[in-house]
Amino acid sequence: MIEQEAHVSYESSSTAAPPERKVFGSHLPPPTRTIALGDKLPAPRRVPSGGSSSESEDEDDTAFKVELLPDASRASRRPPIVDCHNYSEFSIHVPAYTGRVSVSGHIVAVASHHHLRIYDLSVSSSPIWSLDSKNGFGTKVKDFKITALDFRPTSQLEDRGHYLWFGTKDGHLMEIDVRTGSVTAMRPAIHTHTVTHMFRHGQSMITMDDAGKVLVFTPPEGVELSLSTLQPRVVRIAEKQEFAKLLAGQLWTSTRDPNGGGSVPGTSRGPYVRVYDIFTPGAVGRSLLPTEHLGAVTAGTVLASHPNHVYLAHEGGNISIWSVGESDSLPAQCVEIVKVSTSDVLSLEGVNDRLWAGSRKGLISAYDVTSKPWTVTNCWQAHDNLPALRIAVDTWSMEKLDRLVVYSVGRDEQLKFWDGLLGVDWIEQELLKHETEFSTFRDMTVLIVSWNVDSAKPDALTGTPENVNFLTDVLQSVDSPDVIVFGMQELIDLESRKMAAKTVLLGGKNKSTDGALSQKVTTSYKKWYDRLVLAVRCAMPADSPYTVVHAENLVGLFTCIFVKNTEKIRLKHASLTTVKRGMGGRYGNKGGIIARFVVDDTSVCFINCHLAAGQHHVRQRNADVQAIVEDDTLLPEAGPSDEIVAYINGGDGSMVLDHEIVFMNGDMNYRIDQRREAVIASIKAGDLEHLVIHDQLRKEMKFNRAFRLRTFSEGPLNFIPTYKYDRRSDEFDTSEKARIPAWCDRVLWRSLVPERVTQLHYRRWEANVSDHRPISSAFRMTVKQVNPEARARVKAQALEKWKAVERDRLTAALQHYIDQQMI
């Protein structure tokens, strides 16, 4: 491209006459615009950030992708394990990429290269048959490689799941009776090329090879399908189709290979999706295109709740939605594209009323597509951080096992079974509805103080009464709080390289076991720690002492949490971690400190954060929030996950959103999207409501569907912006940068049951030794104490109710699969 441009430039310069130089003053004047009195001012010009960091651009791009994703803040992390087999599937080995799996009730068939293993999990976790093609499975055809397999339909109910078809690299088709391990029928070389796909549809079987030959085996009505005697109908499709699946009664295919028609030459749209009506003789295939360019198709499915839609998964993290079924004469059309992941969606299956998708990191996510935008209802680690290559429904499990069983295969070479009805989540929601029947409740008071001190030392709190009395006043703003949280930012000068380097090397390490700060840590932290301990001791009643239960620092960030001694004995499972966000996660000048404890049977999490600065860096701030909220380095609680009552959404306490109550404070750096003059005018006029409308954090919480703080709450902003002031002054920034005033300093909260957290106050203080004003917020939170015996009784009742709900859902699911002729 560079050579071409250079060539064009050379040609034009050699043929065109040099342009005539214009006389000074003959140029047109620059465009102007008159703004009438009272008109809205234009948006401020975007100030270029110092330095052209490509890393910042990459992070900005990643943050933008995150904004498009469905909301996962309420998703359950508990794996929906199904217990319907007598023996576990964990010993079944499925070689990655070469392994082929088909499941019918207790029967599992696994093929790889020359080997075929048949398991019956009702009798053993070991194979009941282990066959090798080098001896031909008892036939004259030997040394073949199995490339596709599926159970064929039968007219007799007792025979279902007992006759397995498989295709080979040489184009052979064979049938084996899994009860005897013997070949019952075969058609040698009926395909002249490698059999790549095999499908069951009603009473028909469909086989497909990589040369585009499709064989449709459909027996006469009332006649058993016979591989050896039935003459199949041949359908020709495009060759080398990597993706192929029967969806809504038609064969959908696609390929990434440009030579096989994978993409459209000379256009940005693709990939081609080809749809064939293979059950109608003489029907012509149709080529479809998505509305925008997407990655290669990796999987496809249909959903019972949306029977007229087909869902295709793509590399790049998109799912395309296609309308089908309105009219046979009209081709399917791409009606929507939904971004669900920042990486590839490798597997996809419609299960009951949820869309299940597998990722490169081994996660399986279940999406509720009835809500707009989509929401993630479940997201669990299925395959040990390795790709989830395939998800499929065992449609015969409803008849054979009275369960809707889903199985997945991962790059970890493991086969896993899951409960497609997600019964464990229904039971958890039922327990939550009846929590008052097995729990007692009491109230506690929490005081949170947040301040960016701009490297000021505690001895700087001199001069005005607001400075001298600040710590005493803020501590006495609530009557004897049970928990006091100080979350401070910029305790050291982040501009000072020497100080920052010292903190990087020493900060966060060598803590003593009681939580006190090490002597090796910068004196700034030690001074503030000592001052806070003294302030609490002096401000609080002598007969009600406090103990520091958490103290941590991270390059300027400092968290210090005090708890009344009378409450300290009720605390357990305390844990603490830090999240670095500066320089792409390598430096802690921006980031967060996450602290956690369980009081009675309620988990409480406190986050102190300092997010990316800059008027326009909203996406970087959102990315910082995501990294902090999704960090999983807190120490998890040991024990059976279904008996851990302190955490929510199937979590174990290792992540922020596992906790029942979360408080988040800090210099979040979200700004006001208005010109400086307009902001200051509104402040002087007392029109704070107008400014709140333009507050970036409020806008993200309201309009950004994937913002990780969207489920958090904040009290009314009835105080003027806390940033940025001249030190020891009430004047907003008078420096050359003249920064726009903003509510950078915030306190948010989230509670599983909203009524269990009540804000008592939310205010700013007038200590002026920093360029930020400190803020505080007090809360009354309700914590629970669970009675295990009473909970067990309520759970037993929920399990009984679930049996009736499960029967209804199984009936509906069974009808859906019958309608789709998958049974």
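- Between F597 and H550, the ring planes lie parallel to each other; the angle is under 30°, not in the 30° to 60° tilted range.
- Taking 4.0 Å as the cut-off between side-chain N and carboxylate O, D601 and K784 do not count as a salt-bridged pair.
- For the residue pair D745 / S450, no side-chain donor-acceptor distance below 3.5 Å is found, with atom types taken as modelled.
- A salt bridge links R756 with E660; the closest basic N to acidic carboxylate O contact falls under 4.0 Å.
- T722 and R746 share no donor-acceptor pair across their side chains, judged by distance under 3.5 Å alone.
- If you check the side chains of S777 and Q759, you find a donor sitting under 3.5 Å from an acceptor.
- The residues E435 and R791 are annotated as not salt-bridged, no charged nitrogen and carboxylate oxygen being separated by less than 4.0 angstrom.
- A side-chain donor from one of D443 and T782 sits under 3.5 Å from a side-chain acceptor of the other.
- A donor-acceptor contact under 3.5 angstrom links the side chains of N378 and D425, judged on distance only.
- Taking the ring axis of W356 as reference, the NZ or CZ atom of R354 does not stay both within 45° of it and closer than 6.0 Å to the ring centre.
- Side chains of R750 and T711: a donor-acceptor N/O pair is present below 3.5 angstrom, by distance only.
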Inset, instruction - Could you give me the CA-CA distance, side-chain angles and deciding distance for E766 and R764, then say whether salt bridge (Lys or Arg N to Asp or Glu O under 4.0 Å) is met? - result: CA-CA 7 Å; E766 298 307 321; R764 62 175 251 165; 2.8 Å; yes
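- Between the side chain of D631 and the backbone N or O of A627, no donor-acceptor pair lies under 3.5 Å.
- Below 30°, between 30° and 60°, or above 60°: for F719 and W743 the angle between ring planes is above 60°, a perpendicular geometry.
- Summarising the geometry, atom OG belonging to S751 is positioned 8.0 Å from atom CD1 belonging to I648; distances are rounded to the nearest 0.5 Å.
- Side chains of K457 and T523: a donor-acceptor N/O pair is absent below 3.5 angstrom, by distance only.
- With 3.5 Å as the limit, one finds a donor-acceptor pair spanning the side chains of D667 and H610.
- The aromatic rings of Y529 and F558 sit perpendicular to each other, their planes meeting at more than 60°, with 30° as the lower class boundary.
- Q489 and N608 are linked by a side-chain donor-acceptor pair at a separation below 3.5 angstrom, with hydrogens and angles left out of the test.
- Under the 30°/60° scheme for interplanar angles, the aromatic rings of W374 and Y367 are found to be tilted.
- Checking side-chain atoms of S770 against main-chain N and O of N452 turns up a donor-acceptor pair under 3.5 Å.
- For the residue pair Y670 / N622, a side-chain donor-acceptor distance below 3.5 Å is found, with atom types taken as modelled.
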Inset, instruction - Show your working on side chain to side chain contact (heavy atoms under 4.5 Å, CB included) between I594 and C605 and close with a plain yes or no. - result: CA-CA 7 Å; I594 306 171; C605 181; 3.6 Å; yes
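- Using a 4.0 Å cut-off between charged side-chain N and carboxylate O, E567 and K564 make no salt bridge.
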Inset, instruction - Show your working on ring-ring contact (aromatic ring centres under 6.0 Å, His included) between W418 and W380 and close with a plain yes or no. - result: CA-CA 11 Å; W418 312 109; W380 69 95; 5.5 Å; yes
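- A salt bridge links E714 with R698: at least one charged nitrogen is closer than 4.0 Å to a carboxylate oxygen.
- Checked by atom type, the side-chain pair T375/D71 shows no donor-acceptor distance below 3.5 Å.
- If you check the side chains of Q696 and R621, you find a donor sitting under 3.5 Å from an acceptor.
- Salt-bridge formation is detected for the pair K526/D530: a Lys NZ or Arg NE/NH1/NH2 atom is positioned less than 4.0 Å from an Asp or Glu carboxylate oxygen.
- In the displayed structure, K572 atom NZ is contacted under 6.0 Å by more than 12 heavy atoms of other residues, nucleotides or ligands.
- The residues D658 and R77 are annotated as salt-bridged, a charged nitrogen and a carboxylate oxygen being separated by less than 4.0 angstrom.
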